[in-house]
Amino acid sequence: MAAKGKQGTLLQAICRNYLFSKRIYYKQSPVKKLYVQTRLGHSSTSSWSINSYMPEASAFHGIRCFKDLHNLSVLDPDTFWGVLAKARLEWSKPFDAVNESDFKSGTIKWFQGGQLNVSVNCVDRHALLSPERVALIWERDEPGTEVKVTYRKLLEMTCRLANVLKRHGIKKGDRVAIYMPVSPVAVAAMLACTRIGAVHTVVFAGFSADSLSGRILDGECNAIITCNQGIRGGRLVELKKTVDEAVKNCPMVKCVFVAHRTENKVPMSDMDIPLEEAMAKEEAVCPPEIMESEDMLFMLYTSGSTGKPKGIVHTQAGYLLYAGLTHKYVFDYHQGDVFGCVADIGWITGHSYVVYGPLCNGGTTVLFESTPTYPNPGRYWETVQRLRINQFYGAPTAFRLLMKYGDDWVKRYDRSSLKTLGSVGEPIHHEAWEWYYGVVGDGKCTVLDTWWQTETGGICITPRPSEEGAEIVPAIAMRPFFGIVPALMDENGKELKGQNVAGALCIKQPWPGIARTLYGDHQRFLDSYFRTYPGYYFTGDGAHRSIEGYYQLTGRMDDVINISGHRLGTAEVEDAMDEHPDVPEAAVIGIPHDIKGEVPFAFVVLKDDVSRAEKVVVEELKSMVTSKIAKYAVPDHIVVVKRLPKTRSGKIMRRVLRKIATNETSDLGDLTTMDDPEIITEVIEYYEKYKQQKSSA
Ligand code: WT7
């Protein structure tokens, strides 16, 4: 036992050294300007009081200002979250205990003993009070053809869809894959699962058949909900065809429900059920399944540092409360506002801020089906004008792209409805922040860099909420949300105290939104998040804490890269390429990119006896990555080399490859563990040759 313990410590130390050896990409210029925003993050100026800001504050003792409230959330989380959970969620049975979590053992449990249904919280209670309030505005791909769905209608759709699922034998605890574009029927599908207690796993409709079947197999799903086709940026997407291909490898799938986005017919087999037809035959009422707080709500696959994606599991009450509360207080959402988060439901942002957060609050949420540049680069702002959007939430990669088209595409549309502008997915650099603030927001909106992860369930670090008149520093996430206690760790695994320090970003105490496990692999959950820094949740990101105590994210510390806000493990790409019969080895790293943030870069070794042209093999590799993962995962550069630099124990030295790929060969760092330093010169030569070929082509 003792030996094992020792080994564990050693492993942790190696792991930490590795983490700290990775170069941090997003070095931002030091903060120069401080803005005092013209509009405050919380309600209007003069009449502001803590009780109007958060009515529950009157239930807490001695809370006078925002700071008091934030302190309470951190110092007495049980009281804070307990009162809010009671007030903001509708329970079938009250919970017995608020929080029984422990980061030391990686056990997370909130609101045990409580029972509720998420669809009731997101739909029924609002449909009862204001049935004609608009719940969803579906901003379809074709501009000017938006469709509004009221809470009454959403309830009806959810119930009918739930009844369809039940009729086909889907029951509480079953897993259902959703492979659909952003649309009301997709939202109804998610809610229908929650209504009957099934667990949904939404797979982004841009993933390949192999990715889809991998997730279906891992999640042991017995049904899929999809569309005949999708339309995005004016182009048809063959969704059903991809599902057909995926299902061939998934014997446990019993039925495929097919909604219709286009008029086109697609081949239907015995297990395929036309969804709208089936819904029309069902009743518009469906009694909700009563769920325990800690029953699974959904899982969502995301990339880790191995080739196998992780099925992040979120549960009912804690997740919903956290999504709802962050939606309300980060964005300053008020009844009647139109909330426009342009993320896809295939990502966590779509789950928390297109669907669950806004609907939990009885809000009106926009479902954006299109792209930022269709039919032209004014699409976002034309949509803002037409739908009178009050809060806009998007990704830096899109802002960087749109900036290139010039300000006129923004200025020609009326954006006076906008109050809050959010950014998510990756660091927003200064230029993009200034553009978002000055051009899109006309200098009148609160701009928020929001940091969080699939695992955190909702926003954790962001400038708002904060006390009256508090400044916002451009382009950094700044402040922890209620109940969030960040910690920065050094190379030796010690917590860094004080200000002006940088290290591995951890979160110190549990909050209701944190993921509970990885589906089917709790050990990997513990290893990924709670092992490197025992007693802390490790985010995988690095951060700096400024003199003022503000947090600035500095990028991932592991082998996860961020392409246009989409997370991808470099090991996934390596695994896909390794399957090529002529490729014994491949190493993939991320390098910075103007618009996408990062892009994958591959060094591949070909077998000695490959007779076909290199070019042919490279093309085959690209199509393999497309079919095994998705198009966005295809490396921008594939450089064929003879050998890869390795340590004496045989580990590929990706850190060295990263230096070569970013042309920083003057300082390659510590090479003492390297097996054969000659290889470096060799790889550099191959890369130079590659660059020459590329520029002459
Ligand atoms: C990773 C999480 C959170 C929803 C979308 C992505 C990076 C996210 C920021 C930000 C710097 C950010 C981190 C994080 N990230 N937001 N505001 N500043 N980095 O969710 O796919 O789970 O990715 O995205 O590296 O760990 P995800």
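All ligand and atom numbering here is 1-based and tracks the order in the structure.
The nearest protein atom to atom 3 (C) of ligand 1, hydrogens excluded, is given as Trp452 O, 3.1 Å; this is a heavy-atom distance. Distance from atom 4 (C) of ligand 1 to its nearest protein heavy atom, with residue and atom name: Thr349 OG1, 3.2 Å. Looking at atom 26 (O) of ligand 1, its nearest protein heavy atom turns out to be Asp541 OD2, 2.6 Å. In this structure, atom 24 (O) of ligand 1 lies nearest to the protein heavy atom Gly425 O, 3.3 Å. Taking atom 11 (C) of ligand 1 as the reference point, the nearest protein heavy-atom neighbour is Pro427 N, 3.2 Å. Scanning the protein for heavy atoms near atom 27 (P) of ligand 1, the closest one is Thr454 OG1, 3.5 Å. Of the protein's non-hydrogen atoms, Arg567 CD, 3.4 Å is the one closest to atom 23 (O) of ligand 1.
For the 3.5 Å distance criterion, the side chains of Ser370 and Arg379 qualify, holding a donor opposite an acceptor. For the residue pair Ser183/Glu369, the side-chain donor-acceptor check at 3.5 Å is not satisfied. In the model, Arg545 has a side-chain atom that pairs as donor or acceptor with a side-chain atom of Tyr551 under 3.5 Å.
For Phe482 and Phe66, the ring centers are positioned less than 6.0 Å apart. Residues Tyr393 and Phe331 bring their aromatic ring centres within 6.0 Å.
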Return a table of donor-acceptor pairs under 3.5 angstrom between the side chains of residues 341-349 and protein atoms on other chains or two or more places apart.
from   : atom 1 : to     : atom 2 : distance (Å)
Asp344 : OD1    : Gly346 : N      : 2.7

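Below 3.5 Å of separation, one finds an N or O of Gln453 facing an N or O of ligand 1. Checked against a 3.5 angstrom limit, the closest N/O atoms of Thr539 and ligand 1 fall outside it.
When Phe298, Tyr322, Tyr519 are each tested for a ring pair (Phe, Tyr, Trp, His ring centres under 6.0 Å) with His314, only one passes: Phe298.
Proximity to Ile348 (heavy-atom distance under 4.0 Å) selects the following atoms of ligand 1: 4 (C). Remark: ligand 1 atoms within the under-4.0 Å shell around heavy atoms of Asn562 are 7 (C), 24 (O).
Residue contact annotation: Gly540 has no non-hydrogen atom under 4.0 Å from ligand 1.
Proximity annotation for atom 18 (N) of ligand 1: of Glu426, Met557, Arg556, His351, Glu426 comes nearest, heavy atoms only.
Between Asp594 and Arg400, the closest side-chain pair of non-hydrogen atoms is not below 4.5 Å.
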Walk me through it: do Tyr550 and Glu471 pass the test side-chain hydrogen bond (donor to acceptor under 3.5 Å, both in side chains)?
CA-CA 11 Å; Tyr550 299 148; Glu471 82 265 8; 2.4 Å; yes
